[in-house]
Structures are given as C-alpha cells and as structure tokens.
Colleague: 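My questions will all concern the structure given below.
We name chains A, B, ... by the order of the sequence lines, and we start the count at 1 in each one.
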Amino acid sequence: DVKVTQSSRYLVKRTGEKVFLECVQDMDHENMFWYRQDPGLGLRLIYFSYDVKMKEKGDIPEGYSVSREKKERFSLILESASTNQTSMYLCASSFEGFNEQYFGPGTRLTVT
Amino acid sequence: AQSVTQLDSQVPVFEEAPVELRCNYSSSVSVYLFWYVQYPNQGLQLLLKYLSGSTLVESINGFEAEFNKSQTSFHLRKPSVHISDTAEYFCAVTPLRGASKIIFGSGTRLSIRP
C-alpha cells in the first residue's frame with residue numbers, strides 16, 4: 001500500500017512565524033503535490049513537483065514556497081505565516097501526473 | 001480552462017436508500033474525471049475514475065459513475081447506502097493532454113441517517 005505521511009496532524013503558529021510542513025511518500029512516486037482545503041472551496045493546488053529539485057506553481061502559490069531535495073520528501077514552507085493561511089493542508093503523490101493521487105491525512109494549521 | 005460544479009454541498013439520506021451526488025464540469029478540451037472520498041479525519045482516497053472506454057465506471061464498494069459527454073456530467077450513484085458511506089465526496093477533472101493541473105469541486109457531504 002502506498003503511504004503518504006505528514007509531519008503533524010495539528011499545528012498552531014503565530015503570525016509572522018516561518019512554518020515547515022513535511023510530507024514523505026514511500027512508493028517511489030515521481031510526482032508530489034501540496035493542496036489546501038477550505039470549507040466550500042474544495043481543494044486548491046498550491047505547488048507540485050514532478051522530479052527532485054523541480055517545482056511548478058499551482059493555482060494559489062502566493063505566500064508559499066516548496067522544497068524537494070529528495071524524491072520521497074516534499075516540504076511546504078510558509079515564510080511568514082498569516083491568519084489567512086489557517087487551513088487544512090493536504091499532501092499527495094502519484095506515479096503518473098495527476099492520475100490517481102494518494103493523499104496524506106492532512107495537517108490542520110492554525111495561525112493566530 | 002476547466003471548472004467543476006458540485007451542485008449539492010450536503011446530501012442527507014436514510015440508510016439503504018439510493019443516492020446520487022451530482023458533478024458537472026466545463027472544459028474546452030477532453031478531460032479525465034475522478035471521484036475522491038474523504039472519510040472523517042482522513043485524507044482523500046480515489047473512489048473511481050474515467051479515463052477512456054466504457055462510460056460507466058464502478059468502485060469496489062458499490063458506487064458507480066457515468067460519464068455523459070453531451071451533458072458534461074459525471075454523477076456518482078449508489079443504489080443502497082450504508083452508515084459507513086458517511087463522508088465528503090469530491091469530483092475532479094484534469095486535461096487529457098499536457099496535464100498540468102487538476103480542478104476539484106467544492107465537495108458534497110453525504111450524511112446517512114439510520
């Protein structure tokens with residue numbers, strides 16, 4: 001079974017802090033994704049990566065950056081957290097593009 | 001550009017009743033279509049997908065969806081629901097060629113009453 005793990009289930013940070021969200025997958029997938037999930041808005045793609053050290057902006061990259069130094073690990077970085085970044089963050093991976101993505105359990109981030 | 005509309009944000013049904021969750025999309029190019037399910041306090045799981053071939057696709061737990069190109073719909077159905085089907089369901093599309101994005105609908109919360 002594919003397993004995607006995220007470093008924290010719940011996280012509380014203060015405005016202005018630098019925040020790291022870590023994601024690890026164990027199936028040697030080429031592609032990895034970061035989404036945020038908000039009620040009534042579904043999932044919105046922040047960034048994705050199709051190879052080590054490669055990254056592409058999604059629909060809402062502003063205020064976020066990513067890092068992929070190893071194939072199995074994809075990190076989402078909030079350089080200076082703001083209250084409007086309070087959300088559920090979901091990481092996913094796939095073998096082929098956007099087909100059949102495998103999701104982690106999510107990190108619920110609260111910025112106060 | 002693509003968009004996905006899930007017309008119902010919440011659908012309450014009684015156990016063993018049939019259910020239909022509606023999904024309509026718009027796209028200027030051909031697309032792949034997906035239904036994902038999110039059980040409480042979990043990430044999303046792929047429920048079923050349409051890539052090509054038969055327009056009726058089925059999942060292992062009794063759900064099915066039919067791709068209707070003329071109506072640009074991909075509605076999800078189950079003839080008899082169980083308490084364990086309580087979850088949020090997301091429809092999603094991605095372009096067939098040059099797939100560089102995926103669009104998710106806003107989700108439909110299915111609640112099952114005993």
Colleague: Distance-only, no hydrogens or angles: does the A:Arg44 side chain make a donor-acceptor pair with backbone N or O of B:Phe104 under 3.5 Å?
Modeller: no

Colleague: Report the C-alpha separation of B:Phe90 and A:Gln37 in whole Å, then their side-chain angles, then the decisive distance to 0.1 Å, and conclude whether the side-chain contact (heavy atoms from CB on, under 4.5 Å) test is met.
Modeller: CA-CA 11 Å; B:Phe90 294 92; A:Gln37 180 181 11; 3.3 Å; yes

Colleague: By a 4.5 Å heavy-atom criterion (distance strictly below it), what part of A:Asn99 contacts chain B: side chain, backbone, both, or neither?
Modeller: both

Colleague: Could you look at A:Glu56 and say if it's the side chain, the backbone, both or neither that has a heavy atom under 4.5 Å from chain B?
Modeller: neither

Colleague: Pairs in or reaching into residues 58-88 of chain B: which pass disulfide (SG to SG under 2.5 Å), with residues at least two apart or in two chains?
Modeller: none

Colleague: Counting only heavy atoms closer than 4.5 Å, note whether A:Arg9 contacts chain B via side chain, backbone, both or neither.
Modeller: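 Only the side chain of A:Arg9 comes within 4.5 Å of chain B.
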
Colleague: Does anything in residues 56-88 of chain B get under 4.5 Å of chain A by heavy atoms, and if so which residues?
Modeller: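 The residues closer than 4.5 Å to chain A, in numerical order, are B:Glu88.
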
Colleague: Would you say the ring centers of A:Phe103 and B:Tyr36 fall short of 6.0 Å from each other?
Modeller: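 Yes: the rings meet the under 6.0 Å criterion.
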
Colleague: Side chain, backbone, both or neither: which part of A:Phe33 has an atom under 4.5 Å from a heavy atom of chain B?
Modeller: neither

Colleague: Look up atom CD in B:Gln45 and atom CD in A:Gln101, then write down how far apart they are to the nearest 0.5 Å.
Modeller: 14.0 Å

Colleague: In sequence, state the C-alpha distance, the side-chain angles, and the governing distance for B:Ile102 and A:Phe48, and then conclude on side-chain contact (heavy atoms from CB on, under 4.5 Å).
Modeller: CA-CA 11 Å; B:Ile102 184 167; A:Phe48 66 100; over 6 Å; no

Colleague: Could you tell me the separation between the CG atom of B:Leu44 and the OH atom of A:Tyr102, rounded to the nearest 0.5 Å?
Modeller: 13.5 Å

